[in-house]
Amino acid sequence: MVFQSRFYIFLTLEALIQGCTQQNREAQAALYKKYASVLFAVCLKYSASYPEAEDNLQEAFLLIFEKVGQFKGTGSFEGWLKRVTVNHILQKYRRKKEFTLRDDSPLEIADDATEYEEQSIPLHTLLQFVQNLPNQYRLVFSLYVLDGYTHKDIATMLNISEGTSKSNLARARQILKKNITAYSQKNKP
Amino acid sequence: MPEKKDIDALFKNAFKTFKPQPDELVWQRIETALNKDKTKPKVISLWWRLAGAAAVLLLLIWGGTTLFNTPTPPAIEIVEHNEAKPTDGNLKKDAINTTLPKVKETPVVTEATQNKKQETTTNKQSKKLRLATKATSTSGIAQGSDTPQTKLTDIASVSTKKDLPNNITQSNNSPKANKPKADNAVAINDKPTEKPSLLDAVAETLSKPQPQKQNTLARLDIQPMVAPVFYSSLQQGSSLDPRFADNPQKSDLTVSYGLGVTYTLSDKWRVRSGVHRVAVGYQTSDIELGVGPASAAMQSINYTEETVLSAFDKGSLRPDNGSGDFPEFTPKSTGPDALLTQRIAYLEVPLEAQYILSDTKLGLHLTGGFSTLFLQDNEVFVEDGSTKSTLGKVNNLNPLSFTTNLGIGMHYEFTDKLQFTLDPVFKYQLGAYNNNAVEYKPYFIGLYSGFRVIF
């Protein structure tokens, strides 16, 4: 058990949200238990390290408990939670002025259609590759590839141009490919 | 043969089933932070307690005044009286038996008694009498030659003619007293001296016209009220965002309306309550608008979209040097007279005491007390010429807040049932915002006016 709590019945998501709005600790614990894993995955993809991801998860849940009453019921609640989490992490990076890799020149990288064997690269290794990317490249890669945002949305969220978003993505892919190739060669049977 | 995927698909598929479990410490830290928020001292509770104490005090004053306001007793007519005046100062036994006059009750119809639910039969009315007594005799009548000067004491309750003590008998020889009807009880002097008898003295007092007590209690009146409201802050700042703290601000023109109820405690004191809907607001100028991510917009506003319209200090989005403070926002064309307006609606329940300074036709009164404010609605919008753009609702307002009220007003009496009142009241708001970082100490001044209908 992650934590100790009495068995509390929240028959519907609405009841769970209502309980959290009223600062009911049992409801908050139940919400954490239900969505901690999903949001921790988000934090790990956007953070530079495991401890940073834990901090981001903690702050995101505190923000969620504060703002849960603002969820209007339109769209998926899980999607809303993810957006709150991602926006919080982006805001932290913005405050730290991390987005300095301005690169408005279009990257002259050929459309690389290289395919890779789905080897048994452990997930934690892939995660480490992502976390080792420069902050802005990691954010663009995670937003575009892992969470499906468009370059237009990414440009607005990170205050970069669409061209920069595309070139950042290309550079991120380049680095990841290099890492995968090196790992494959190292672990060749 | 392992399936080949491009790099995007490789990572996408790998993270599809990614369900990491955070350490238990994360929840413990979250719980600690939540508990810390709960134990924050709430300043507002002190004012809530004071308001409650003030309400209890006013209720006690009202209750005490009601309880100790004795009703006007029915008049008592003396039908017989023994005029004998013993010279030796001793009371003769016979005198004892005959001194006490037969008392016949006569109801005096006064405004006070008329409104009371009492039996109309005078014989059955009970009343309090003042009796001169010294000893603790069961008859209540002083006896004996050594009787010192009697004193008036508070009574034993004496009922009607029927219930008079048995040893009080009527003297057949006693002349009937030609006493005027009196409003109050008769004091019985059983030791007449050369000085005017106590009975005579009391009778003389009673014969004086008694001022009828006006029933000033339990007087309720209602007052529909309307008031223009001026809203501002005692401290320079902004409730929307610190960046507007030094922008020019002015009160939004708003109105309060509702129904007041006044309860008169005495000629000098009244208690007032009621329900009002009060709208307050203020406008901030020297702004410009931009479109950008909600995560970087004004944090005091709730957003439902990712990309939103937000307001900024004029010049911060497109300064002359080309770089702005908010590069993620795209400037939106804004007129020079654009105004950022916050409007808030409350349901106000006041509890005030009024002290009447002068109760002439044109009178003055002081008002002091508290109001409880229940948040009804709020809105933040920008008016640019004829265009109005809503930014959203703020998230830093407390649903419950209070004001301390102080004012001096005047009233003009058209008739004894109808008055016009004009009450400028200053109200300082407590606990308006749930964020201690908001540097805005709101107050509002309302010019409450209306006609007071007295029942």
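Residue numbering restarts at 1 for every chain, and letters A, B, ... go by the order of the sequence lines. Just so it is clear, the values below take in all heavy atoms, side chains as well, and ignore hydrogens, waters and symmetry mates.
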- Task: Could you have a look at A:D153, A:D147, A:L127 and say which one has the most heavy-atom pairs with chain B under 4.5 angstrom?
- Result: A:L127

- Task: Search all heavy atoms of B:A14 against all heavy atoms of A:L126 and return the closest pair with its distance.
- Result: CB-CD1, 3.5 Å

- Search all heavy atoms of A:S37 against all heavy atoms of B:Q21 and return the closest pair with its distance. CB-NE2, 3.8 Å

Report the distance from atom [atom1] of [X] to atom [atom2] of [Y], rounding to the nearest 0.5 Å.
| X | Y | atom1 | atom2 | value |
| --- | --- | --- | --- | --- |
| B:D23 | A:E54 | CG | CD | 5.5 Å |
| A:Q58 | B:I30 | CD | CD1 | 6.0 Å |
| A:I121 | B:L10 | CD1 | CG | 5.5 Å |

More than 12 heavy atoms of other groups within 6.0 Å of [X] [atom1]:
| X | atom1 | result |
| --- | --- | --- |
| A:K152 | NZ | no |
| A:Y144 | OH | no |
| A:K34 | NZ | no |

Do [X] and [Y] have side-chain heavy atoms sitting under 4.5 Å apart?
| X | Y | result |
| --- | --- | --- |
| B:L34 | A:F61 | no |
| A:R25 | B:E31 | yes |
| A:V145 | B:I7 | no |
| A:R173 | B:D8 | yes |

- Note on the structure: Residues at least two apart in sequence or cross-chain that pass side chain to side chain donor-acceptor pair (under 3.5 Å) with A:H151, listed by chain then number, are A:S165

- Sequence-distant partners of B:E379, side chain to side chain donor-acceptor pair (under 3.5 Å), two or more places apart: none

- Write out all pairs satisfying salt bridge (charged side-chain N to carboxylate O under 4.0 Å, His left out) with one or both partners inside residues 73-82 of chain A, taking only residues at least two apart or from two chains. A:E78-A:K82

- Trace of the side chain to side chain contact (heavy atoms under 4.5 Å, CB included) decision for B:R29 with A:L57: CA-CA 11 Å; B:R29 290 203 297 261; A:L57 180 68; over 6 Å; no

- Message: With a 6.0 Å cut-off on the ring centroids, do A:F129 and B:F11 count as close?
- Response: no

- Task: Against chain B, label A:F141 side chain, backbone, both or neither, depending on which of its atoms sit under 4.5 Å from a heavy atom there.
- Result: side chain

- Item | Any residue of residues 38-47 of chain A which, by heavy atoms, sits under 4.5 Å from chain B | A:V38, A:F40, A:A41, A:L44, A:K45

- Message: Between B:V26 and A:D55, does the side chain to side chain contact (heavy atoms under 4.5 Å, CB included) criterion hold? Intermediate values first, please.
- Response: CA-CA 8 Å; B:V26 175; A:D55 288 344; over 6 Å; no

